[in-house]
Amino acid sequence: MPTADGVTVSVRATPRGGRDAVEGVIELADGRRALKARVSAAPEDGKANAALARLLAKLLDVPVAKVELASGATARLKTFRISGDAAAIIAKLMAL
């Protein structure tokens, strides 16, 4: 979803997933779409959230500092705010 300074991205996270990877896009029960991602980090002390931020930064080719957890710190469904060129970020997301 585009914002004034970038985009927001919903992510369905699986911590302790064995590897760091985005496995595609899923449709949630309410009809929204989210990236399905897994990280090898455990969900303690924010390690899994930090790993997800690094994964999104790498995937979208933006600095990690531009990826911010907006909501869902302790939930599987998280929202990240990514600052930057919204059109370029959306294009990379659509390529998934």
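- When atom types are taken as modelled, the side chain of K36 and the backbone of V25 share no donor-acceptor pair closer than 3.5 angstrom.
- Not counting sequence neighbours, the partners of S71 by the side chain to side chain donor-acceptor pair (under 3.5 Å) test are T79.
- The closest side-chain heavy-atom distance from I90 to P2 is below 4.5 Å.
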Show me the donor-acceptor pairs, under 3.5 Å and distance only, between side chains in residues 11-18 and residues at least two apart or in other chains.
none

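- Every residue two or more places apart in sequence or in another chain that forms a side chain to side chain donor-acceptor pair (under 3.5 Å) with D30 is listed here: R32.
- Interatomic distance, S10 OG to L35 CG, rounded to the nearest 0.5 Å: 8.5 Å.
- For D85, there are no side chain to side chain donor-acceptor pair (under 3.5 Å) partners at least two apart in sequence or on another chain.
- In this structure, the side chain to side chain donor-acceptor pair (under 3.5 Å) partners of E23, at least two apart in sequence or on a different chain, are R19, R38.
- With sequence neighbours left out, the side chain to side chain contact (heavy atoms under 4.5 Å, CB included) criterion links K58 to no other residue.
- Within the structure, every pair that satisfies the side-chain hydrogen bond (donor to acceptor under 3.5 Å, both in side chains) test and touches residues 60-70, not counting sequence neighbours, is listed here: E68-R81.
- The structure places CG of L60 at 5.0 Å from CD1 of I82, a figure rounded to the nearest 0.5 Å.
- Residues near V64 contribute nothing to a hydrophobic cluster around it, because no ILVMFWY side-chain heavy atom sits closer than 4.5 Å to its side chain.
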Identify all side-chain donor-acceptor contacts of residues 45-55 below 3.5 Å with residues at least two apart in sequence or on another chain.
| unit_1 | atom_1 | unit_2 | atom_2 | d |
| --- | --- | --- | --- | --- |
| N49 | OD1 | K78 | NZ | 2.8 |
| N49 | ND2 | A73 | O | 3.0 |

Go through the steps to decide whether V9 and L93 satisfy the test side-chain contact (heavy atoms from CB on, under 4.5 Å), and finish with yes or no. CA-CA 9 Å; V9 177; L93 288 169; 3.8 Å; yes
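- If you chain together hydrophobic residues whose side chains sit under 4.5 Å apart, V22 and M94 fall into the same group.
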